[in-house]
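Convention: sequence-line order gives letters A, B, ...; per-chain numbering from 1.
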Amino acid sequence: MTEREAKAFFSEELLAWYRLIKRELPWRMNRDPYRVWVSEIMLQQTRVDTVIPYYNRFMNKFPTVGALAEAPETEVLKCWEGLGYYSRARNLQAGAKEVVEKYGGIVPDDKAAVAGLKGVGPYTAGAIMSIAFNRSEPAVDGNVMRVLSRYFCLEDDIAKPRTRVGIEKLAASLIPEGAAGDFNQALMELGALVCTPKSPSCLPCPVMEHCLARLEGREHELPVKTKAKKPRPELRAAVIIAGSGEHAGKMLVRRRPDTGLLAQMWELPHLLLPPEQEHLLDERAPKENAELAMLLGRMVREETGLLIRPRGWFMDADHVFSHIHWKMRFYLADLGEGLDAAAASAASMESAVAETAAAYDSGASASAAIAEGLPPDYRWIGKEDRNVLPFPNLFVRMFKQYWD
DNA sequence: AACTCGGGGAA
DNA sequence: TTCCCAGAGTT
């Protein structure tokens, strides 16, 4: 069989297979480009089953490009809470604003325009153009690279960007006339349901007959992929500060910086231990530790002017990101004597108020924050308030332990 | 090219 | 444990 015949066989059989067995998914209701767009952003590095509930919630809350463009950023992040890679949410909203401003709220049927939207890379651009507009563009993701590596017995390392470019050319040459959307989804559907990473189910595969890897008994060896490095450990100490008086039943939280890891999400005050202090969180060390309590107290005082009184260990938690492994220890604390604004040093209080006034654009929020005597990125939250501010999952789980 | 950026399901 | 998932942005 010639390569041309193998390719024709692959395209025809795969497309026919997909049209028989394709799953009903929320983003397959219709070809609304906005719906396709949102789904493709959510599906980046995220499984279908994980995305479905988020997708339904998101489309219910932001049904149109305009609705998303107008929404407060915090609400968008809150809707994304727990899904990870939060810059996707911010980029998606930035893209929505661009579509409103430049294209009247209509996603343009234009490859370059779509590819220029924030958060839309080579894969997503191809996916949107092919699925929403049925344009003949490849959409090469991890599934596609795995499927094609096996079928054509390609030994290039799929972790290298160059390999994806090569496979894009191959994938483009396989698209049947007038069926780009279905074919691209068929490739991914096969990778997700049949040609899986570890134990591919070759028997029900519609193209097994001419799959080179299968014919050579090498389906378990392909694709070739260099393995990722282990995430580096970071030891962190956090503190749950219980409020008193008007803040009784609440705890102190802060907002993370605008850029970097978990940007603009909320969290408990905590600190990263430098290497020379990592022994304080050693597994064998006592959980209660005066030096650690002092370090936490100093951090809180310097950032907020509040004086805290340590009450002991609460829980340990591990949280693994792609490249960092947080090993966290949570401590309980409450507020010390006379430790309201008046007790803080004049200098730190003055600067806190100045920062508050400067950072807040909303007059109401500014006066509220100043009245609290807290910097603008700190707040007291109660059991219900956690459903308003967006938190990374690690803290959501901690809240559950604390409040439920 | 290498690193940054979440979280979880599956083996 | 290890892998990797409908990847993109930054350096």
Phosphate-side-chain proximity, [X] and [N], N/O vs OP1/OP2 below 4.0 Å:
X      : N     : answer
A/H323 : B/dC5 : yes
A/R397 : B/dG8 : yes
A/N91  : C/dA8 : no
A/H319 : B/dG7 : yes
A/Q44  : C/dG7 : no

Can you figure out which of [options] approaches the side chain of [X] most closely?
X      : options             : answer
A/F321 : B/dT4, C/dA6, B/dG7 : B/dG7
A/P161 : C/dC5, C/dA6, B/dA1 : B/dA1
A/N393 : B/dG7, C/dA6, B/dG6 : B/dG7
A/Y85  : C/dA8, C/dA6, B/dG6 : B/dG6
A/R47  : C/dT2, B/dG9, C/dA6 : B/dG9
A/L262 : B/dG7, B/dG9, C/dA8 : B/dG7
A/R162 : B/dA1, C/dA6, B/dG7 : B/dA1

| query | Measuring from A/Q264:CD to A/W266:CH2, what's the distance to the nearest 0.5 Å? | reply |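 Here the interatomic distance stands at 10.5 Å.
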| said: Using a heavy-atom cut-off of 4.0 Å across all strands, would you classify A/T46 as base, sugar-phosphate, or nothing? | reply: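 Base, at least one base atom sits under 4.0 Å.
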- Provide the distance between the two P atoms, one in B/dA11 and one in C/dA6, to the nearest whole Å.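 Straight-line distance between the two P atoms is 13 Å.
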Take the protein atom [atom1] of [X] and the nucleotide atom [atom2] of [N], then report the distance between them rounded to whole Å.
X      : N     : atom1 : atom2 : result
A/D258 : B/dT4 : CG    : P     : 20 Å
A/R90  : C/dG9 : CZ    : P     : 13 Å
A/K198 : B/dG9 : NZ    : P     : 15 Å
A/K227 : C/dC5 : NZ    : P     : 17 Å

Going by modelled atom types, is there a donor-acceptor pair between the base of C/dG7 and the side chain of A/T124 at under 3.5 Å?
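Answer no: no donor N or O sits under 3.5 Å from an acceptor.
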Query raised in the report: Checking only heavy atoms, does the side chain of A/R88 share a donor-acceptor pair with the base of B/dC5 at less than 3.5 Å?
Result: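 Side chain to base: no pair below 3.5 Å.
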Measure up the A/F321 and A/H319 rings against each other and bin them: parallel (under 30°), tilted (30 to 60°), perpendicular (over 60°).
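The arrangement is perpendicular - the two ring planes meet at more than 60°.
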Margin query: So, using ring-ring contact (aromatic ring centres under 6.0 Å, His included) as the criterion, who are the partners of A/Y103 when residues are at least two apart?
Written below: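 Partners of A/Y103 under the ring-ring contact (aromatic ring centres under 6.0 Å, His included) test: none.
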Check whether any side-chain heavy atom of A/V224 sits under 4.5 Å from a side-chain heavy atom of A/S149, and report yes or no.
->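 Side-chain contact under 4.5 Å: no.
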Do A/E75 and A/K78 sit within salt-bridge range, that is, some charged N less than 4.0 Å from a carboxylate O?
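A/K78 and A/E75: not salt-bridged.
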